[in-house]
Amino acid sequence: ERSAGTEFGRLHNLTADTTYAEFCEKVPPRPHDYFAPLIARMAAGEPDVLIPGKCQLFVETAGTTNFSPKLLPVPEPMLAHFRHGLRDALYLYSARVGHAGVFLGRHLHVGASTALTEQSGHQRTGLDGILQLCLTPWAEANLYAPPAAIAQLPSGPAKIAAIRQAMLPQDVTLLGGNPAALSGLALAVSQSSPSVPPTIQPLTSFWPNLECCAFTGAALGLHAEPLRAALGATVNFHEIYAAAEGIIAAQDERSPAGLSLLTASGLFFEFIPAQRFNDNRLPAASATCLSLAQVEIDRDYELLVTTPAGLYRYATGDLVRFLSLDPPRLQWAGRTQGQLNTFGERVTEQEI
């Protein structure tokens with residue numbers, strides 16, 4: 001219904017009555033390269049391209065999928081998605097531990113700068129900035145940390161030192177960020193004791209109510225053991241699969257093996273079997289696309305999303321693998337451009 005009055009909607013004859021089968025016939029899967037010139041027109045102020053009206057806010061990706069940053073629109077419905085996705089991810093955490101204590105203290109996010117930059121009539125920021133902008137006023141006032149002036153600093157030792165100074169007196173119940181950034185903060189805080197020589201203390205010595213370490217952006221990998229020691233034995237890890245395209249999945253059990261696919265926060269998911277995926281023939285792959293009801297466990301799929309940001313059957317560049325179907329749980333399996341194909345056998349990063 002929202003698409004009908006846009007250029008994309010008119011081009012593909014999309015209406016509120018379009019069925020899923022018709023949608024599959026009319027809209028082929030496409031990579032970011034197709035959307036890039038349309039998004040550039042939106043950033044220049046042109047209305048009704050991929051979404052109704054103008055878009056004033058854009059997110060710039062970290063460039064980990066194709067090794068160069070991408071620009072994606074973030075209209076208000078997309079901010080609502082991020083808000084709902086984060087909410088559901090935290091609710092899943094509370095459900096699996098059996099209480100809501102994590103909401104009684106500060107949620108300290110450690111990441112890149114949340115600052116907005118002005119670019120010829122629009123604003124842009126990174127994913128960390130979007131995750132801060134999507135919060136409700138209550139959540140920003142009562143949960144989010146660090147203070148805005150510190151959150152807007154660029155990543156680095158100065159920011160870590162400022163976070164440590166501002167947050168040590170606070171009651172922190174959750175730490176959030178990518179594993180590398182969390183490890184840096186944990187080391188800085190745990191060495192803040194005035195004792196000589198300095199002793200390494202777990203973060204629960206400074207924040208007794210710290211119970212959750214929510215990480216995203218990468219698997220724990222080599223950070224797992226030192227981060228566990230730095231956090232304290234009672235802190236729970238909680239994995240969230242988040243990207244500039246949206247909040248995809250979150251851990252819903254104590255075992256981190258599979259993440260629950262978040263199907264009720266505004267994203268529509270489709271999947272192309274990895275063995276049939278070809279970057280150069282993506283628009284012709286519509287016949288191979290599968291809905292969530294058609295996927296199988298232990299097979300790799302290219303993840304497609306249709307989002308409130310006007311991305312339709314958008315190829316994320318991520319490979320995912322389902323570990324269960326009821327409920328649907330998956331794990332990130334690598335990137336389509338992070339595979340070896342020297343001998344005609346695709347080998348993923350995870351397999352390497």
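Hydrogens, waters and symmetry mates play no part in the numbers below; they use all other heavy atoms, side chains included. What you see is a predicted model; the values in this text were computed from it and never measured.
- A donor and an acceptor atom, one from each side chain of Tyr93 and Glu211, are located under 3.5 Å apart.
- Salt-bridge annotation for Glu7 and Arg41: present, with a side-chain N of the basic residue lying under 4.0 Å from a carboxylate O of the acidic one.
- Looking at Ser94, its side chain never comes within 3.5 Å of a backbone N or O of Tyr91 through a donor-acceptor pair.
- Ser324 contributes no side-chain N or O that, together with a main-chain N or O of Asp326, makes up a donor-acceptor pair within less than 3.5 Å.
- Using a 4.5 Å cut-off on side-chain heavy atoms (C-beta onward), Arg329 and Asp252 make contact.
- Side-chain atoms of Glu25 and Tyr20, non-hydrogen and from C-beta on, never get closer than 4.5 Å to each other.
- The shortest side-chain heavy-atom distance between Leu57 and Leu79 falls under the 4.5 Å cut-off.
- For Ser113 (side chain) and Gln152 (main-chain N/O), a donor-acceptor pair under 3.5 Å exists by modelled atom type.
- Remark: aromatic rings of Phe58 and His122 are close, center separation under 6.0 Å.
- Between the side chains of Gln56 and Gln123, not a single donor N or O lies within less than 3.5 Å of an accepting N or O.
- Between the side chain of Trp207 and the backbone N or O of Leu174 there is no donor-acceptor pair closer than 3.5 Å.
- Using a 4.0 Å cut-off between a side-chain N of Lys or Arg and a carboxylate O of Asp or Glu, Asp171 and Arg106 do not qualify as a salt bridge.
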Arg124/Glu60 under salt bridge (Lys or Arg N to Asp or Glu O under 4.0 Å): CA gap, chis, key distance, verdict: CA-CA 7 Å; Arg124 62 177 66 180; Glu60 197 166 47; 3.5 Å; yes
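- Residues Glu270 and Arg313 are paired through a salt bridge, judged by an N-O separation under 4.0 Å between the basic side chain and the carboxylate.
- Checking side-chain atoms of Glu302 against main-chain N and O of Gly317 turns up a donor-acceptor pair under 3.5 Å.
- A salt bridge is defined here as a Lys NZ or Arg NE, NH1 or NH2 lying under 4.0 Å from an Asp or Glu carboxylate O, and Arg335 with Asp318 meets this definition.
- Checked by atom type and distance alone, the side chain of His84 never pairs as donor or acceptor with a backbone atom of His81 at under 3.5 Å.
- A donor-acceptor pair under 3.5 Å is absent between the side-chain atoms of Ser205 and the main chain of Gln201, judged by distance alone.
- Checking side-chain atoms of Lys159 against main-chain N and O of Ala151 turns up a donor-acceptor pair under 3.5 Å.
- Using a cutoff of 4.0 Å between basic side-chain nitrogens and carboxylate oxygens, Glu296 and Arg321 are not scored as salt-bridged.
- Side-chain N/O atoms of Ser3 and Tyr312 include a donor and acceptor closer than 3.5 Å.
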